[in-house]
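All remarks here apply to the structure that follows.
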Amino acid sequence: MAHRWTNTLRDKDVTPEAAFLNRRQLIAGAAAGVGLGLGGAPAWAEALTPNSWEDITRYNNYYEFGTDKGDPARNARILTVSPWSVTIDGLVDRPGAYDFDEIMAKMTIEERLYRFRCVEAWSMVVPWNGFELADLLDLAGVQSAAKYVAFETVLRPDEMPGVRYPVLDWPYVEGLRLDEALHPLTIMATGIYGRDIPNQNGAPLRLVVPWKYGFKSIKSVVRITLTDKEPPTSWNKANPREYGFYSNVNPEVNHPRWSQATERQIGGGLFSARVPTLMFNGYAEEVAGLYAGMDLKKNF
Ligand SMILES: Nc1nc2c(c(=O)[nH]1)N[C@H]1C(S)=C(S)[C@@H](COP(=O)(O)O)O[C@H]1N2
Ligand SMILES: [Mo]
């Protein structure tokens with residue numbers, strides 16, 4: 001079933017190249033259907049151009065492997081990603097360790113072409129493969145008392161040279177409100193361009209929440225806990241004045257040390273363009289309702 005912000009393709013059916021041709025045709029069709037009125041095509045139908053495999057896999061933030069953008073690509077190859085299991089616990093009917101291969105056998109893998117906006121004010125467009133987080137949580141059976149979802153990254157000092165530095169309080173942890181976690185835009189990514197997700201991008205599975213700053217999209221997840229309390233998050237613990245729990249992309253709420261009104265698009269080389277940042281990173285139509293009545297300057 002294709003949502004209107006994506007185009008569902010089973011990556012085993014087609015080569016990445018074929019998938020991309022196909023998707024362009026679908027997007028062209030969608031935009032044509034809307035017509036070329038004054039407003040033009042809505043944001044979701046805009047023909048996003050994906051960044052190259054090289055951009056996406058060589059310019060990374062994964063501090064467990066170092067804090068330079070090139071460190072994860074250099075250092076993360078030693079991470080053991082198979083076998084892998086994700087513990088799902090807390091307020092669920094079926095807590096336990098879920099084997100990654102068994103999860104994959106049950107999930108429908110889709111392609112999602114998403115904007116990706118880092119809090120550092122750079123952005124990319126990434127063709128993820130993955131499944132909706134809601135479908136994974138269904139395996140465990142979310143109980144009605146659950147209000148939040150907490151996530152944890154694997155912590156392996158032997159394989160992660162960056163964790164000897166106290167840049168963050170390891171393991172890296174993140175969290176979402178349950179309704180954010182269950183939103184159909186929220187996915188667990190397991191691939192990029194139809195290939196297994198590289199270690200530096202968070203193999204074998206990582207969260208992707210496209211309307212939030214990139215640091216919410218926690219990598220190499222080993223634990224998901226359903227809870228009734230707002231969970232601690234790594235960047236908020238490190239600097240609560242600069243990084244809030246919500247961290248929705250918002251051009252009107254600046255970082256205390258820099259503007260969030262614009263972003264640098266990675267991949268433009270010398271002519272790398274600065275473009276306006278969009279409310280909720282361009283997904284306002286889909287997600288603004290989650291925050292109705294909230295003061296987004298307070299709940300940043
Ligand atoms: N475990 C973990 N997850 C993480 C990070 C990290 O340092 N450790 N960095 C975050 C930040 S700041 C960003 S911008 C994205 C980068 O994802 P990418 O390298 O796939 O572009 O991962 C996020 N997830
Ligand atoms: Mo980021």
Side-chain angles (χ1 to χ4, degrees), residues 50-77 79 81 84 86 112-130 150-157 159-176 186-193 195-224 232-239 242-244 247-249 255 257-258 260 263-267 277 281:
N51 276 88
S52 68
W53 173 263
E54 284 70 28
D55 287 343
I56 298 166
T57 63
R58 289 185 199 161
Y59 188 91
N60 301 99
N61 279 331
Y62 197 164
Y63 278 16
E64 289 88 331
F65 296 99
T67 54
D68 286 345
K69 292 288 180 285
D71 284 342
R74 270 190 297 275
N75 297 334
R77 63 187 95 225
L79 181 70
V81 297
W84 192 272
V86 183
R112 298 282 180 101
L113 185 67
Y114 281 167
R115 302 167 187 281
F116 188 88
R117 171 48 159 95
C118 175
V119 74
E120 296 162 340
W122 53 263
S123 68
M124 299 195 199
V125 175
V126 184
W128 303 108
N129 309 92
F151 302 85
E152 192 177 304
T153 293
V154 72
L155 177 54
R156 294 213 198 105
E159 296 181 352
M160 295 175 145
V163 303
R164 77 177 87 116
Y165 306 102
V167 197
L168 291 170
D169 183 16
W170 316 109
Y172 195 101
V173 291
E174 257 304 336
L176 295 172
T186 303
I187 60 167
M188 296 303 294
T190 57
I192 293 171
Y193 273 111
R195 296 154 73 172
D196 286 349
I197 193 166
N199 290 359
Q200 61 266 37
N201 294 89
L205 82 170
R206 61 87 62 85
L207 182 67
V208 178
V209 193
W211 71 93
K212 292 179 180 282
Y213 291 121
F215 67 83
K216 298 294 290 181
S217 292
I218 181 174
K219 294 178 169 180
S220 308
V221 171
V222 286
R223 187 184 209 104
I224 299 177
T233 61
S234 284
W235 281 101
N236 179 255
K237 283 195 288 180
N239 195 334
E242 298 191 350
Y243 308 103
S247 292
N248 293 314
V249 175
H255 188 280
R257 291 183 279 128
W258 59 85
Q260 295 292 26
E263 64 203 46
R264 180 172 57 94
Q265 290 182 311
I266 299 297
T277 288
N281 202 25

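When a ligand or atom number is given, it counts from 1 through the structure's own listing order. Bear in mind the structure is a predicted one, so any value in this text is a computation, not a measurement. Residues take their numbers from the sequence shown, with the count starting at 1.
- Partners of Lys216 under the side-chain contact (heavy atoms from CB on, under 4.5 Å) rule, at least two apart in sequence or in another chain, are Glu174, Leu176, Lys212, Thr233, Phe245, Ser247.
- Applying the salt bridge (charged side-chain N to carboxylate O under 4.0 Å, His left out) test to every pair with at least one member in residues 164-173, sequence neighbours left out, gives these pairs: Asp169-Lys237.
- Separation of the Tyr213 and Trp235 ring centroids does not fall under the 6.0 Å cut-off.
- Put simply, CG on Asn199 and CZ on Phe65 are 7.0 Å apart, with the number rounded to the nearest 0.5 Å.
- Counted by atom type alone, Ser220 and Tyr62 present one or more donor-acceptor pairs between their side chains at under 3.5 Å.
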Which protein N or O atoms sit under 3.5 Å from any N or O of ligand 1? Give atom names and distances.
from, atom 1, to, atom 2, distance (Å)
ligand 1, 1 (N), Glu64, OE2, 2.9
ligand 1, 1 (N), Thr153, OG1, 2.9
ligand 1, 3 (N), Lys219, N, 3.2
ligand 1, 7 (O), Tyr63, N, 2.8
ligand 1, 8 (N), Glu64, OE1, 2.8
ligand 1, 9 (N), Asn61, O, 3.2
ligand 1, 17 (O), Arg206, NH2, 3.1
ligand 1, 17 (O), Lys219, NZ, 3.3
ligand 1, 19 (O), Asn60, ND2, 2.8
ligand 1, 19 (O), Lys219, NZ, 2.6
ligand 1, 20 (O), Asn201, ND2, 3.0
ligand 1, 20 (O), Arg206, NH1, 2.9
ligand 1, 22 (O), Arg206, NH2, 3.4
ligand 1, 24 (N), Ser217, O, 3.0

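- With sequence neighbours left out, the salt bridge (charged side-chain N to carboxylate O under 4.0 Å, His left out) criterion links Arg58 to no other residue.
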